[in-house]
Structures are given as C-alpha cells and as structure tokens.
Number of protein chains: 2
Amino acid sequence: MARAATTADAFNAVAEPRRRQILDVLAGGERPVNDLVRVLGLAQPQVSKHLRVLREVGAVDVRDEGRQRLYRLNGEALKPIHDWVKNYERTWSERFEALDVVLEELKQEGRGNDSGK
Amino acid sequence: MARAATTADAFNAVAEPRRRQILDVLAGGERPVNDLVRVLGLAQPQVSKHLRVLREVGAVDVRDEGRQRLYRLNGEALKPIHDWVKNYERTWSERFEALDVVLEELKQEGRGNDSGK
DNA sequence: GACATATATGCCTATATAGGAATATGATCG
DNA sequence: CGATCATATTCCTATATAGGCATATATGTC
C-alpha cells in the first residue's frame with residue numbers, strides 16, 4: 001500500500017510545507033489565487049492544486065468574486081492536529097515539568113506513607 | 001517530484017496514523033517493540049519500520065536492555081507542529097472568538113466613527 | 001465575437017512509500 | 001555450539017504524489 005492520500009485528513013494535507021505556507025498567508029485574510037502565486041513564488045497551477053487539497057480537507061473555503069476566486073482560511077479543520085499534539089506539550093514545556101513535580105509529590109504523599117516523615 | 005520523505009520532518013512522520021498511535025502508547029512510558037506489536041495489532045516488521053521513521057525525526061529514542069530494545073518518547077520533536085498549529089487555535093476557540101469581538105470593537109472605536117452612532 | 005485575465009485540470013515523470021513475506025542480525029540460555 | 005526469543009532489514013508491488021507544461025474553463029471588456 002502506498003502512503004495515505006494528501007486529502008485523507010488534515011495531518012496529511014499539512015505535511016507539505018507549501019500548503020502550510022498558504023494557510024499562513026490566508027490567516028491574514030481572504031485572498032485570490034494570484035496573490036498566493038505572487039507571495040509563494042510558485043507556478044499558478046501548483047498553487048491551484050495545493051488549494052484543491054486544502055479544500056478537500058476543509059482547511060479553506062472558496063467564494064467567487066467576479067473572475068477571481070477568493071480563498072478563505074477555515075482553521076477549524078486543523079483542530080484535530082492541535083488536539084493531538086497538545087497532549088505532548090508537557091514533554092517540553094517547563095510549566096508542565098513544574099506541574100509534574102508537584103503531582104509526583106502529591107502521589108508520594110497519597111501513597112500510604114507509613115515510613116513516617 | 002514525489003512527496004517529501006516521511007523522515008523529512010515531524011509533520012510528515014506523524015501524518016501516518018499508526019505512528020501517532022505508537023507515540024500515544026509511548027507517552028505512557030518506555031516499551032519494547034513487542035509490546036507495541038501487541039497493542040497496535042500490526043505485524044512486527046511494520047512496527048519496526050514505523051519506529052525507524054520516528055527515530056529518524058527524533059520523536060523516539062532507543063535503549064538496549066538485554067535482547068529487547070526499549071523505545072521512549074521524545075515529545076520535543078513535536079514542538080514545531082505544536083508551535084505552528086497553536087496560531088490557528090483562535091479560529092475555533094470560543095475564548096479567542098470572544099477576544100476577537102473585543103478587539104474588533106476597539107478597532108471600530110479607534111477608527112474615527114464619523115458615521116455617528 | 002475577439003481578446004485578455006483568472007483559475008482549474010490533464011498529462012507526464014521521478015520518487016517514495018506501507019504493508020506482506022522472507023530473511024538477517026543479535027542476544028540469551030542450556 | 002545450537003536453539004530460541006526479539007528486532008531489523010530486504011525485496012516486492014500498488015499507489016500517490018509534486019512539479020513542469022500545455023490546455024481547458026470561466027468571466028469580464030471592447
């Protein structure tokens with residue numbers, strides 16, 4: 001079996017740096033395709049293709065405005081990624097490390113400390 | 001050009017659900033490969049391959065213990081993902097939405113409201 | 001209608017999987 | 001050493017890109 005399609009879910013769609021870059025630009029507001037082409041320095045067809053992938057996973061919405069197509073960010077599609085990775089923050093955040101120390105101490109106390117102290 | 005290698009970065013490595021699952025299990029503590037095989041219900045070679053990818057992006061560390069190899073989570077490798085996706089939380093979080101409303105109001109006030117009201 | 005602008009789609013190629021199956025490597029034990 | 005347990009690697013195949021390039025599909029303009 002090959003790798004899952006880029007359109008399979010947000011995780012796969014966003015694995016491509018250019019697509020993250022597109023979302024980053026769209027975070028600043030609605031944009032027509034050509035704006036993205038200029039900002040990213042990519043060929044127009046490639047941008048349209050990336051946008052298609054992002055559309056298929058729901059990360060962007062489109063709206064027709066004259067002969068332009070305005071793309072808009074739909075960040076909610078990224079929530080599953082945030083929800084997943086959020087749980088790992090504790091592994092590098094000092095704040096959580098400090099919390100872990102406290103929890104560890106509480107655990108020590110709770111455990112029938114028949115050894116006095 | 002083909003898609004970037006799964007070992008290119010954490011984003012690509014973690015796009016595969018099984019690999020996320022492996023990390024989720026390792027979040028509970030160090031584990032030998034066979035434990036993962038049992039928990040994931042995958043064939044052993046596939047698990048070893050997934051672990052290799054995770055190792056190459058630094059998401060796990062290994063330690064030899066007798067004839068077992070104990071894998072351990074290294075969540076810090078996921079920080080780039082967290083850092084990126086964190087900025088999109090505002091797009092779905094009610095807390096941030098509320099904040100946005102406030103900011104919008106402030107902006108309206110600042111902008112010489114010559115239209116009265 | 002001819003034409004220009006804005007965007008999408010189709011075709012082609014090189015490349016990289018993910019899983020299945022078989023096998024290799026390594027460590028431990030009797 | 002031979003057997004066994006634990007893990008890694010190799011080979012095979014179907015599939016899916018990402019980008020380059022040409023072209024199709026609107027839509028607005030004169």
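Just so it is clear: chains get the letters A, B, ... in the order the sequence lines come, proteins before strands, and each one is counted from 1. Only a predicted model underlies this, so the values are computations on that prediction, with no experimental measurement involved.
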Once side-chain contact (heavy atoms from CB on, under 4.5 Å) is applied, do any residues pair with A/Arg18, and if so which ones, sequence neighbours excluded? A/Glu16, A/Gln21, A/Leu42, A/His50
Looking at residues at least two apart in the chain, or sitting in another chain, which of them share a ring-ring contact (aromatic ring centres under 6.0 Å, His included) with B/Tyr88? B/Trp84
Min side-chain heavy-atom separation A/Leu36-A/Leu51 under 4.5 Å: yes
In residues 61-70 of chain B, which ones come under 4.0 Å of DNA chain C, going by heavy atoms? B/Gly66, B/Arg67
Identify, with sequence neighbours excluded, every residue that meets salt bridge (Lys or Arg N to Asp or Glu O under 4.0 Å) alongside A/Glu56. A/Arg52
Within the structure, does a side-chain N or O atom of A/Tyr71 lie under 4.0 Å from either OP1 or OP2 of C/dA8? yes
Suppose we screen for side-chain contact (heavy atoms from CB on, under 4.5 Å). Which residues come up paired with B/Asp61, at least two apart in sequence or across chains? B/Arg72, B/Asn74
Can you see if the side chain of B/Asn34 gets near the phosphate of D/dT7 - specifically, an N or O under 4.0 Å from OP1 or OP2? yes
For DNA chain C, determine which residues of residues 24-32 of chain B have any heavy atom closer than 4.0 angstrom to one of its atoms, and list them numerically. none
Checking side chain to side chain contact (heavy atoms under 4.5 Å, CB included) for the pair A/Arg19/A/Thr6: CA distance, chi angles, key distance, verdict? CA-CA 11 Å; A/Arg19 285 195 283 267; A/Thr6 54; 3.4 Å; yes
Could you give the CG-to-P distance, from A/Leu54 to C/dT7, as a whole number of Å? 16 Å
Which residues satisfy the side-chain contact (heavy atoms from CB on, under 4.5 Å) test with B/Ala59, sequence neighbours excluded? B/Leu23, B/Leu54, B/Val57, B/Ala77
Residues passing the salt bridge (Lys or Arg N to Asp or Glu O under 4.0 Å) test with B/Arg38, sequence neighbours excluded, are B/Asp35
Run the salt bridge (Lys or Arg N to Asp or Glu O under 4.0 Å) test against B/Asp24 and tell me which residues pass, sequence neighbours left out. none
Contact string for nucleotides 12-24 of chain D, one letter per nucleotide 5' to 3', B = base within protein heavy-atom range under 4.0 Å, S = sugar-phosphate only, - = neither, reads ---BSBBBBBB--
Kindly write out the residues that satisfy side-chain contact (heavy atoms from CB on, under 4.5 Å) with A/Asp64, not counting sequence neighbours, or none if the list is empty. A/Arg69
